[in-house]
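A quick write-up on the structure given underneath.
Note on naming: letters A, B, ... go to the chains in the order of the sequence lines (proteins, then strands), and numbering restarts at 1 for each one. What you are looking at is a predicted structure, and each value in this text was computed from that prediction instead of being measured.
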Amino acid sequence: MNSILEIENVTKYYGRGSVVTKALDGISFQVKKGEFTAIMGASGSGKSTLLNVISTIDKVSSGTVRVDGRELTEMKETDLALFRRDRLGFIFQEYNLLDTLTIGENIVLPLNLRKMNHEESDERLRKAAEALDVTEQLGKFPRELSGGQRQRAACARALITDPALVLADEPTGALDSANARNLMKTFQRMNRSLGATILMVTHDALMGSYADRVLFLKDGRIWNEVHRGERNRQDMYREIWSTCAALGGETDVF
Amino acid sequence: MYFKLAFRNVKRQLGNYLIYFITVALTVALLFAVNNIIYSRNLAVFVDRGESAKTTLQIIVVMISLVVAFVLSYATSFLLKRRKREFGTYLTLGMTRRDLLTIFLVETLLICLIALGAGLAAGSFLFQGLMAVMMKLLEMRFAIAAYSAEGFSRTILLTVGIFLTASVASAVYLKSVSIYDLIHGEKKVEKGVRHPVCWFLLTFVSLAGMLACGGLFFREMDKVLSGGAKLEGAGILLGGFLLSVVGFHAGLAKSMVALFLRMPGFRSRGSNTFVLRQLSGSLSANALMFGALALLMTFAVVGTNFSFIQKAGQEEALFSEYPYDIMYYSNKYERGEEFPLEAAESVIEKYAGIKKRIPYRIFETGRQDFYSRTRWYEEWMAPGDSFMPVSDFNAVMAPLGVEPITLEGQYMIVGNNPIVGEADWSDMVYEWGGNSYTYHSCRLDYPKVSYLYFYVVVPDEAVQGMECVEQSVAYLTEQNRFDGMALERALRQVVYAFPDGGLEGMEEADGRLEFEIREYHRQEENNVSAILVVGALFVSAVFLLLAMAILALKTLSTLGEDRQRYEICFRLGMGEREQCRALFRQTFSFFLLPFVLPCVMSIPVAWFGRHVLRIARMEAAADMVPLITGIVAAGMAILYLLYYTAAYLIAKRTVVRGG
């Protein structure tokens with residue numbers, strides 16, 4: 001399989017002068033096409049920073065980030081915006097749906113930004129909504145939906161552009177456990193049926209167990225890595241749990 | 001501690017306070033300038049009607065201050081609401097509401113004090129600028145005007161009053177709002193616009209109403225100006241127009257976005273849906289406010305334009321009304337005995353010098369042959385017919401550049417009133433002294449040398465046998481500019497010193513004077529137009545300023561929510577340039593909506609002003625009207641751009657996310 005994401009020796013510093021924090025410390029890893037990867041770690045381990053540099057929202061201090069064969073660290077701001085629009089999909093903890101737009105308008109917004117004609121974008125909207133089971137909610141505003149429905153709508157928005165990589169930042173953080181499990185099943189469906197490559201940051205071992213691979217971060221470095229292989233989810237969960245315990249028990253374990 | 005906190009807050013919130021600061025500073029500047037004009041000693045000497053002008057301006061200033069106080073209350077509540085989460089946190093940390101109010105009032109007081117300083121500084125220059133305008137209008141030589149202590153103290157007093165009024169609104173809000181609402185925000189449920197087609201219909205009907213009421217009002221005014229008809233239903237038409245303005249803006253704000261959102265091709269392009277949805281809530285929620293602001297600005301445009309148009313027509317109106325430097329009208333029915341004109345002429349000689357005197361006469365027959373064909377006769381308002389020999393007519397018209405006329409067995413009607421133009425004498429043969437005279441022409445365009453509705457110019461021999469009722473004199477003076485006021489006072493003394501002046505029951509001070517002195521009227525009208533122009537400028541500037549301030553503050557009050565939305569768009573791949581474009585379209589449309597109509601109103605106002613001046617045969621002034629309205633519109637646009645740019649830059653800095 002081809003690598004969709006290649007991270008090489010990425011370092012990220014915050015602050016200046018005597019008060020400098022090293023958030024990422026020479027991280028290197030790859031994510032292959034069609035892979036569902038989770039990143040776990042304690043607070044301050046660098047998970048969110050890593051996601052931010054991959055999503056081009058933040059810049060690296062050194063090292064390279066390559067997505068879909070393109071070197072992000074050398075791209076200009078305008079190109080980065082276009083790249084985000086065309087090649088990346090985002091799912092956030094707080095859904096980040098625009099409260100002024102209907103669910104349909106939220107989902108189709110990335111296509112509008114691409115200036116795609118409305119017949120084609122309507123067709124894509126229909127397919128994405130069906131795939132994520134939000135067809136009934138397209139005309140409603142976000143506040144009229146439950147948390148689970150909102151997050152499914154966010155998934156539909158992330159997938160509608162057929163992105164090279166879907167980035168999810170604590171996507172279950174604002175959901176109850178039932179909705180969280182349903183969302184993870186949706187992620188698996190997106191990954192297996194729709195072929196989406198997903199990189200998810202979570203601190204929840206149960207959610208991590210839905211992924212094919214889990215990277216553990218500690219102090220800005222990759223501390224460990226767990227692969228599902230042929231194991232079922234319960235076995236994967238147990239291994240994540242024990243890795244977390246070894247990591248220092250700072251991660252929530254259900 | 002609270003003072004320290006407040007001081008830090010002001011430093012941190014400078015961006016938020018910018019619009020508030022600009023508004024307070026400009027208001028103080030305007031108040032200071034106008035208060036100094038009111039109490040200016042330079043003007044008191046020259047403005048003849050000083051006391052009434054002073055009172056008028058004082059009333060305007062107080063009224064405007066009340067409006068400013070109301071708007072600033074509105075502005076302060078915006079500032080409060082923008083920071084409610086911060087205030088909620090203070091409350092949860094154990095501060096009392098009184099502490100909170102103290103912090104906020106100290107903050108606004110600091111801003112007001114700085115704005116007061118800046119406003120007084122700007123007002124000092126503005127005062128000199130307005131004084132220069134006043135001096136120009138009063139045809140006085142400009143000199144740096146002295147500032148008055150009373151003007152200064154009144155400005156401070158008004159500013160304190162405005163600040164206190166605005167503070168009450170903040171106190172009421174902070175006293176009543178719950179901690180939950182402060183921290184979590186009031187749950188605003190955005191409702192989509194229901195029945196946008198109905199709102200669109202309201203827009204359309206209001207537009208039709210505006211055009212109909214405006215058109216009918218202009219037509220009525222036209223009839224009054226050109227035919228002397230009474231103005232009927234003006235109040236209803238004006239009321240209908242104002243109501244239509246509000247309805248039009250309310251309807252447009254409610255329907256425009258909703259209708260655009262129904263166009264799939266349009267809304268799917270780029271960030272159009274996002275911008276339309278951003279606008280949808282704000283336009284719909286502020287629909288009535290747009291109507292009110294459009295009204296304020298329309299008043300500003302119309303008032304300023306007409307004050308300048310009046311000024312432009314003043315000089316021509318003066319020459320049309322008083323073609324000679326001085327005219328003496330003598331009517332035997334008003335003055336029984338012969339008046340000693342020599343005494344008056346020696347006074348004129350002293351003040352202005354007499355270059356030429358042209359006597360002319362008016363005769364009467366006691367009949368109403370000519371008046372019987374006019375509307376006045378039907379209305380029982382017709383006096384007896386008046387006649388002027390053609391030699392007298394040619395003599396009095398010649399110095400005014402009028403070609404002499406010849407009448408052989410003919411008569412010519414000369415008048416200034418449009419009603420004269422309605423009558424028809426073309427088939428009338430006038431019989432007098434055994435002779436017959438046929439119709440020559442009816443002219444309304446000769447310089448005015450008589451107060452009669454009209455007079456009939458006849459061959460010299462025709463006045464034989466008629467009674468001479470007026471022996472008037474027109475004077476050309478040696479000096480073009482002289483002290484008309486002083487001459488008027490001196491002539492009044494001469495006239496009223498004459499025993500049995502025949503002007504029964506009249507006191508010297510308010511009685512009629514048989515002399516018309518053009519320079520006296522020029523100075524009088526200068527006074528009126530100076531007050532009118534400066535008053536209109538002041539009121540318009542304040543109205544515009546307030547309208548812009550409200551729009552800017554409304555824009556800024558939602559920046560917190562906008563910031564989150566633009567952040568999401570940034571993450572979804574909306575580049576900085578696209579965000580700027582979206583923000584520009586969003587804010588510009590919001591600002592533009594109430595501004596378009598007042599600007600467009602410049603066109604009918606200019607057309608009407610020009611039309612009125614043309615009716616009055618003031619061609620030169622009429623030609624100046626487009627320039628005047630252009631300048632007024634440009635002035636408005638500059639103020640608009642100043643506020644819009646400030647609001648846009650603050651919004652851009654706050655919401656647009658770059659790399």
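Only the side chain of B:Leu261 comes within contact range of chain A, judged by heavy atoms closer than 4.5 Å. In this structure, chain B has no heavy atom under 4.5 Å from any part of A:Leu80. Residue contact with chain A, scored on non-hydrogen atoms closer than 4.5 Å, involves the backbone of B:Arg269 exclusively. When heavy atoms are compared at a cutoff of 4.5 Å, A:Leu88 does not approach chain B at all. Contacts of A:Arg87 with chain B are absent, with no heavy-atom separation under 4.5 Å from either backbone or side chain. Interface remark: A:Phe83 contributes no atoms to any contact with chain B (heavy atom separation under 4.5 Å).
Across every non-hydrogen atom of A:Leu113 and B:Leu572, the tightest pair is CD1-O, 4.3 Å. Heavy atoms only, all atoms of each residue included: B:Phe570 and A:Ile57 are closest at CE2-CG1, 4.0 Å. Nearest heavy atoms, A:Leu101 versus B:Phe274: CD1-CA, 4.1 Å. Smallest separation of non-hydrogen atoms from B:Gly575 and A:Ala81: CA-CB, 3.4 Å.
Within 6.0 Å of atom CZ in B:Arg577, 12 or fewer heavy atoms from other residues, nucleotides or ligands are found, so the atom counts as exposed in its surroundings. Counted within 6.0 Å of NZ on B:Lys652, heavy atoms from surrounding residues, nucleotides or ligands total 12 or fewer; the atom is thus considered open. Around the CZ atom of B:Phe204, the shell of radius 6.0 Å holds no more than 12 heavy atoms that belong to other residues, nucleotides or ligands. Within a 6.0 Å sphere centred on CZ of B:Arg581, other residues, nucleotides and ligands contribute 12 heavy atoms or fewer. Within a 6.0 Å radius of CD in A:Glu136, no more than 12 heavy atoms belonging to other residues, nucleotides or ligands are found. For CZ of A:Phe29, the number of neighbouring non-hydrogen atoms (other residues, nucleotides, ligands) closer than 6.0 Å is greater than 12.
The greatest number of non-hydrogen atom pairs below 4.5 Å with chain A, out of B:Gly270, B:Cys569, B:Ser271, is found for B:Gly270. Note on A:Glu144, A:Arg114, A:Glu105: by heavy-atom pairs under 4.5 Å with chain B, the leading option is A:Glu105.
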Can you list the steps and then say if B:Arg267 with A:Asn112 is a side-chain contact (heavy atoms from CB on, under 4.5 Å)? CA-CA 8 Å; B:Arg267 73 171 189 207; A:Asn112 287 345; over 6 Å; no

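To the nearest 0.5 Å, atom CG of residue A:Asp169 and atom CZ of residue B:Arg571 are 7.0 Å apart.
The closest donor-acceptor contact from the side chain of B:Arg565 to the backbone of A:Asp99 lies at 3.5 Å or more, if one exists at all.
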